[in-house]
Amino acid sequence: MKISAPRGTFDILPEEALRWRWLEAAIRRVFDYYGYQEIRTPVFEHTELFQRGIGETTDIVEKEMYTFNDKGGRSLTLRPEGTAPVVRSYVEHKLYSKGGITKLFYMGPMFRQERPQAGRFRQFHQFGVELLGTESPLADAEVITVAVELYKELGLTDLEVLVNSIGCPACRKKYQEDLFSRLSSLQELCESCLRRLEKNPMRILDCKNPRCRELTKDVPAVTDYLCPACRDHLEKTLSFLDKAGIDYRLEPRLVRGFDYYTRTVFEVINAGLGAQNAVCGGGRYDHLVEEIGGPPMPGVGFASGMERLILTLEQQGKFAGFSSAPQVAFAVLDETLAADGFALATRLRREGLTVEACLEVKSLKAQMRAAGKLQAKFVVILGEDEWKDGQVSVRRMADGEQWRVDREEVCRFIKDLLDRDSSGREQERGSFS
RNA sequence: GUGGGCGUAGCUCAGUUGGUUAGAGCGCCAGGUUGUGGCCCUGGAGGUCGAGGGUUCAAAUCCCUCCGUUCACCCCA
């Protein structure tokens, strides 16, 4: 019985890892511009954090958490999302005591025990931002803007931004009650909607079942129930987005799954992804900090799924031309020259060239084939003939042109040639880190 | 957790109504030059046909169970 990666997990193999590195670098670059500072929290937390933060009745807490007891009998949970841990850390280290606004970002693996499907895994990766310490709708607008501008920076197109407000607990309560009384008579709703009716009637609004959509077509929107303050907050947020030229669609049926959201909620979706089409989800959480034991402190944030982004980037052809090809490969023709070849390769690396040394002395043909497969730009050949004259051969693989070069000059020689045709648009190894 | 599709070489897949040593393309390795890659040619390695059980003279092919995978539901990134 062969051992494979656990269900819902996957290996990121070298070719794929190149793409991840590129994406991670782009994300960090954009967050730098916007002044978000990285925070790294543990991958597991006390179970209680998520129970209190995300909400006891949410699906995540009810059935999707990887929870275990450590040897001291404490219940720990692999983090299913990033906001609660970041807020915990914010409270634990009293980051609010510096006063003003705190802007943080995180990136890393999350864990949820669900059945895998397209764009959904058990270990998956998210990055996200949390903007804490202000109730201003400018903060809502900024958080949405960071996401949108980041995706633009990645070169993504055809994304759609959905925005809504689910109000504060006060106006939402009234809405939920009205919704319940209107819908509780409708027995033709789908099974899951009948369950939602008890648990969270608002979720019925974003049911994908066409029949349910038809039945709830004329139901009033949450936005009709917003109190004056919440209404004002929404309108300002939208107007800031308008002014900044951020396209969005006001979607009154947009509801999100976590209990901690208040007022603004939003999503960025990509139709090409299949059923799991959300690439980003977020919103405002004005009571979460308090819930976790901190002072009353408002916040907004989003989380974005990296697997889904990479899938989208692949579909949109944004990964063409990635390569880890070395600039130089070595071919050594005789065992007696192995040490000299190894030493020369080391010198070239010290001079800053990416070099694949010769690790197995085989036929020149085999070594050339290997160099060709690596897509090396140049091959340095150590043969007895040239070595006894203090030289090596340097072959340019693109056109097969070949020179004899003094071994002391090799590095200079190759660098000159590389500079001359460095019009290449290819992503060289490490160039984006 | 529920439902559907799919499991044959490293990869993508053929495999006729069950019937001799299970195939192709690509990839890999080697050779076609005494020291030269990509194209071409030749040869080679590589499979407990997902696993277990059953039916049969005979199973990759039919039946059952399990496992894996994939898509969808629930929910979400």
Side-chain angles (χ1 to χ4, degrees), chain A residues 1-10 13 54 57-65 80-83 107-128 147 190-196 199-200 203 206-209 254-258 266-270 273-282 301-312 329 331-334 337 360-387 392-402 404:
Chain A
M1 181 63 125
K2 270 199 221 150
I3 298 176
S4 57
R7 165 176 299 197
T9 70
F10 55 91
L13 301 177
I54 304 172
T57 62
T58 58
D59 274 43
I60 288 185
V61 173
E62 272 184 356
K63 50 187 202 199
E64 293 171 6
M65 297 205 300
E81 59 104 43
T83 298
M107 169 153 50
M110 306 291 164
F111 307 84
R112 259 124 87 164
Q113 194 161 171
E114 305 176 85
R115 283 284 283 266
Q117 75 186 69
R120 172 198 285 168
F121 306 91
R122 290 185 167 185
Q123 176 178 162
F124 59 103
H125 299 76
Q126 287 186 331
F127 61 88
C190 74
E191 249 179 77
S192 38
C193 278
L194 289 174
R195 260 183 288 121
R196 290 181 180 123
K199 227 167 100 179
N200 185 355
R203 295 217 63 94
D206 68 1
C207 181
K208 290 165 200 144
N209 186 324
L254 177 65
V255 179
R256 310 221 70 250
F258 301 160
F266 68 98
E267 242 171 49
V268 181
I269 61 173
N270 164 29
L273 280 176
Q276 310 304 321
N277 63 358
V279 116
C280 172
F302 72 72
S304 185
M306 297 179 71
E307 285 76 6
R308 292 182 190 178
L309 270 187
I310 284 184
L311 217 67
T312 308
V332 174
L333 300 193
D334 190 282
L337 295 176
E360 289 180 305
V361 176
K362 299 202 282 191
S363 73
L364 180 55
K365 187 192 185 86
Q367 296 194 63
M368 291 304 293
R369 229 190 341 250
K373 205 158 54 185
L374 287 169
Q375 298 182 295
K377 298 273 183 301
F378 293 91
V379 177
V380 171
I381 302 167
L382 275 76
E384 286 172 346
D385 294 349
E386 48 269 75
W387 195 255
V392 296
S393 290
V394 174
R395 182 183 180 83
R396 179 162 60 197
M397 295 300 267
D399 56 8
E401 189 163 359
Q402 195 162 314
R404 279 205 172 202

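Labels below follow one simple rule: chain letters A, B, ... track the order of the sequence lines, proteins then strands, and each chain is numbered from 1.
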To the nearest Å, give me how far apart CE (A/M368) and P (B/G32) are.
16 Å

Heavy-atom closest pair, residues A/P80 and A/F124:
O-CZ, 4.0 Å

Shortest non-hydrogen contact from A/E81 to A/M110?
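Closest approach of A/E81 to A/M110, heavy atoms only: C-SD, 3.5 Å.
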
Looking at the side chain of A/K365, which of B/G37, B/C73, B/A77 is the nearest nucleotide?
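Looking only at heavy atoms from C-beta outward on A/K365, the closest nucleotide is B/G37.
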
Side chain of A/R115 (C-beta onward), nearest among B/C71, B/G35, B/G32:
B/C71

Using heavy-atom distances to pick each residue's nearest nucleotide on RNA chain B, tell me which of A/A118 and A/V255 is more 5'.
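Looking at the nearest nucleotide for each, A/A118 comes out on the 5' side.
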
If you assign each of A/K63 and A/R369 to its closest nucleotide in RNA chain B, which residue comes earlier from the 5' end?
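It is A/R369 whose nearest nucleotide is closer to the 5' end.
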
Hey, does [X] reach any base, or is it just sugar-phosphate, or nothing, if we go heavy atoms under 4.0 Å?
{"X": "A/A398", "value": "base"}
{"X": "A/G400", "value": "base"}
{"X": "A/E62", "value": "nothing"}
{"X": "A/R256", "value": "sugar-phosphate"}
{"X": "A/Q402", "value": "base"}
{"X": "A/F302", "value": "nothing"}
{"X": "A/D334", "value": "nothing"}

Do A/S393 and A/E386 get their side chains close enough for a donor-acceptor pair, meaning under 3.5 Å?
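Yes - a donor-acceptor pair under 3.5 Å links their side chains.
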
Is A/E401 atom CD crowded by more than 12 heavy atoms from other residues, nucleotides or ligands, each under 6.0 Å away?
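For A/E401, atom CD is crowded (more than 12 foreign heavy atoms under 6.0 Å).
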
Which of these, A/H125, A/R120, A/Q276, sits in a side chain to side chain donor-acceptor pair (under 3.5 Å) with A/E307?
A/H125

Can you list, by residue number, the residues of residues 303-312 of chain A that have a non-hydrogen atom closer than 4.0 angstrom to RNA chain B?
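Those residues are A/A303, A/G305, A/R308.
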
Between B/G37 and A/R395, counting only base atoms on the nucleotide and side-chain atoms on the residue, is there a donor-acceptor pair under 3.5 Å?
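A donor-acceptor contact between them is present.
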
Kindly indicate whether the side chain of A/M397, heavy atoms from C-beta on, has any atom under 4.5 Å from the side chain of A/Q375.
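Side chain of A/M397 against side chain of A/Q375, heavy atoms only: no contact under 4.5 Å found.
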
Decide yes or no for A/L333 and A/W387: does some side-chain heavy atom of the first lie under 4.5 Å from some side-chain heavy atom of the second?
no

Is A/K373 near enough to B/C28 that one of its side-chain N or O atoms lies under 4.0 angstrom from OP1 or OP2?
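Yes, such a contact exists.
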
For RNA chain B, what string of dots and brackets results from 5' to 3' when Watson-Crick and G-U pairs need both distances under 3.5 Å, crossing pairs get [ ], and pairs with another strand get |?
(((((((..((((.....[...)))).(((((.......))))).....(((((..]....))))))))))))....

